[in-house]
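Per chain, numbering begins at 1; letters A, B, ... match sequence-line order.
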Number of protein chains: 2
Amino acid sequence: MDRCGRLEDIPLFEDLESEQLQDLAQILKKQNFTRGQRIFTEGDEGNGLYVVDLGQVKIFKISPAGKEQILHIFGPGNPFGEIAMFAGESFPASAEAFTDCQVLFFSRHGFLECVRKDPSLAFNMLAVLSRRLRKFAALIEDLSLKEVPGRLAAHLLYLSEKDGAGDKVKLEVSKGHLAALLGTIPETLSRILAKMNRQGLIEVNGSTILLLDPDGLEDLAEGEVKLT
Amino acid sequence: MDRCGRLEDIPLFEDLESEQLQDLAQILKKQNFTRGQRIFTEGDEGNGLYVVDLGQVKIFKISPAGKEQILHIFGPGNPFGEIAMFAGESFPASAEAFTDCQVLFFSRHGFLECVRKDPSLAFNMLAVLSRRLRKFAALIEDLSLKEVPGRLAAHLLYLSEKDGAGDKVKLEVSKGHLAALLGTIPETLSRILAKMNRQGLIEVNGSTILLLDPDGLEDLAEGEVKLT
DNA sequence: AAAACCTTTTGACTTAAATCAAGGGCAACT
DNA sequence: AGTTGCCCTTGATTTAAGTCAAAAGGTTTT
């Protein structure tokens, strides 16, 4: 989705009564942010729900030492800031514009009203939250039980599946950001890419990566083999 | 909560119409498990929702090498297995009886029917999922951005807050399990406890830990100081 | 009380990944 | 063309934490 022309094109708002769509359209406010601009910060009080309309938004945590763990990079159609709506009021992580972007903002009260009225919206929201829990569970598993090569292999396979583009994967983020997504640092990522390259698992060309040995990557991702 | 006598005592079912409570009571099935018994395994098809009635249930991931990351230890009143209900069908992690336990099981179809009928149930479910997302986000932060002493310090402070028992914390799980909860191994945990002891941060007596220097622990948890 | 079992601790060692520091490649701008 | 700045890579080193092995404490069983 390149842009959310109509509300009903947003997965979260699928199958909604047109009455609710109108209500939502009423309370919606568009906001613009430039690349790098902070949308909200961990700990801030959450006053509503955001949906990416245009561009990309990064959800992340950062340590005092400055190391960053990216939790999500959301594109058009993805809601964020929802946790604060349903549990407590503070944001559990920070959000900033990953690219110049436009977001739709729905006030807490108005949105909750709509959820209460339309079971479809509640269901869609439950589906969104469940998918994110699943994704987080996978990330926790990666961080706790896998080493960086395993995480990288899993990520590459995930990308190749998602894009359906065969064995050629095009990174849509810089390698530095990929490192933050994998819970490591650029230097380590660089070394591991080089090592995988040497071993004939992949072929790296700038931000294009050719998966030469998907089975080998699978073994790495499963933790059955080590990258020697 | 020591046991869920009535459904309406379960937070998830708070504020429900009595009609829905009756529906739920209809479809509910009680199941018993003995300590260590598997309830379901990651990847299994999810056919319904569980709620702990008696005892404790462990939700976890395990690596091929046998290292375990515990995601939750749930006591009475806590639902689990819900992600498979709302997003995809497979369980994202495994569940086993942490103690002998009894769980309530609600079939997928019947439960979804209730959610559709009663907005309160949807809301309660959204709150549950949101709280878990928040908890997972914190765990990801810990694993990615903090070292083990920081995680341990954070956990101890969390326990002391939760129990409200001043500065004396009683571990309800073995140190081995605490290690798996923190994403490390017993040896490492043991060493770090000993080190914190030596530095006068805590005083360990079996499974009772006295927090001698909460501020120092706070600094550790925030990553502002290192345990030398 | 002895045996068997499980948990925890301690020590010596290895290893994965972070840190520190420097250099290389590439694009944008002047 | 040259400079600036950014991103990426490479090398040397440090460090946190995992591994392996053994011993010490406890608890339950027989």
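- Of the candidates dA17(D), dT9(C), dT19(C), dT9(C) carries the atom nearest the Ser190(B) side chain, counting heavy atoms from C-beta on.
- For an aromatic pair to be called close, the ring centres must be under 6.0 Å apart, and Phe74(B) with Tyr50(B) fails this.
- Checked against dA16(D), dT7(C), dA17(D), the side chain of Lys226(B) finds its nearest nucleotide in dA16(D).
- If you look at Phe98(B) and His72(B), their ring centroids are not closer than 6.0 Å.
- The base of dT19(D) is paired with the side chain of Arg191(B) by a donor and an acceptor separated by under 3.5 Å.
- When the P atom of dA16(D) is taken as reference, atom CG of Leu152(B) falls 16 Å away, rounded to whole Å.
- Of the listed nucleotides (dG18(D), dA16(C), dT10(C)), dG18(D) has the atom at the smallest distance from the side chain of Thr184(B).
- In the set dT10(C), dT10(D), dA17(C), the nucleotide with an atom closest to the side chain of Ala194(B) is dT10(C).
- When heavy atoms are screened at a 4.0 angstrom cut-off, Lys146(B) is found touching no nucleic acid atom at all.
- Atom pair Lys67(B):NZ and dT19(D):P shows a separation of 7 Å (rounding to whole Å applied).
- A 4.5 Å side-chain heavy-atom check between Leu193(B) and Ile209(B) finds at least one atom pair inside the cut-off.
- Atom NZ in Lys58(A) sits 8.0 Å away from atom CZ in Arg38(A) (nearest 0.5 Å).
- Rounded to an integer number of Å, the gap from Leu171(A) CG to dC7(D) P is 15 Å.
- Among the nucleotides dT8(C), dG18(D), dT9(D), the one closest to the side chain of Lys175(A) is dT9(D).
- Lys146(A) has no carboxylate O lying under 4.0 Å from a charged side-chain N of Glu141(A), or vice versa, which leaves the two without a salt bridge.
- Looking at Asp53(A), its side chain never comes within 3.5 Å of a backbone N or O of Gln102(A) through a donor-acceptor pair.
- Rounded to whole Å, atom P of dC8(D) lies 15 Å from atom CD1 of Ile192(A).
- The interatomic distance linking Leu189(B) (CG) with dG18(D) (C1') rounds to 14 Å, in whole Å.
- With sequence neighbours excluded, no residue forms a side-chain hydrogen bond (donor to acceptor under 3.5 Å, both in side chains) with Gln56(B).
- Of the candidate nucleotides dT9(D), dA17(D), dA17(C), dA17(D) has the atom lying nearest to any side-chain atom of Pro149(B).
- Rounded to an integer number of Å, the gap from His177(B) NE2 to dT7(C) P is 7 Å.
- Atom CG of Asn205(A) and atom P of dC26(C) are 11 Å apart (whole Å).
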How would DNA chain D look in dot-bracket form, 5' to 3', counting Watson-Crick and G-U wobble pairs with both distances under 3.5 Å and writing | for bases paired to another strand?
-> ||||||..||||||||||||||||||||||
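- Per the geometry, CE belonging to Met196(A) stands 14 Å off P belonging to dT9(D), to the nearest Å.
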Take Asp167(B) and Leu212(B) through the test side-chain contact (heavy atoms from CB on, under 4.5 Å) and record every step on the way to the result.
-> CA-CA 7 Å; Asp167(B) 294 342; Leu212(B) 298 175; over 6 Å; no
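- The residue among Leu227(B) and Ala65(B) whose nearest nucleotide of DNA chain D lies closer to the 5′ end is Leu227(B).
- Checking Val148(A) against Glu187(A), the closest nucleotide of DNA chain C that is more toward the 5' end is the one next to Val148(A).
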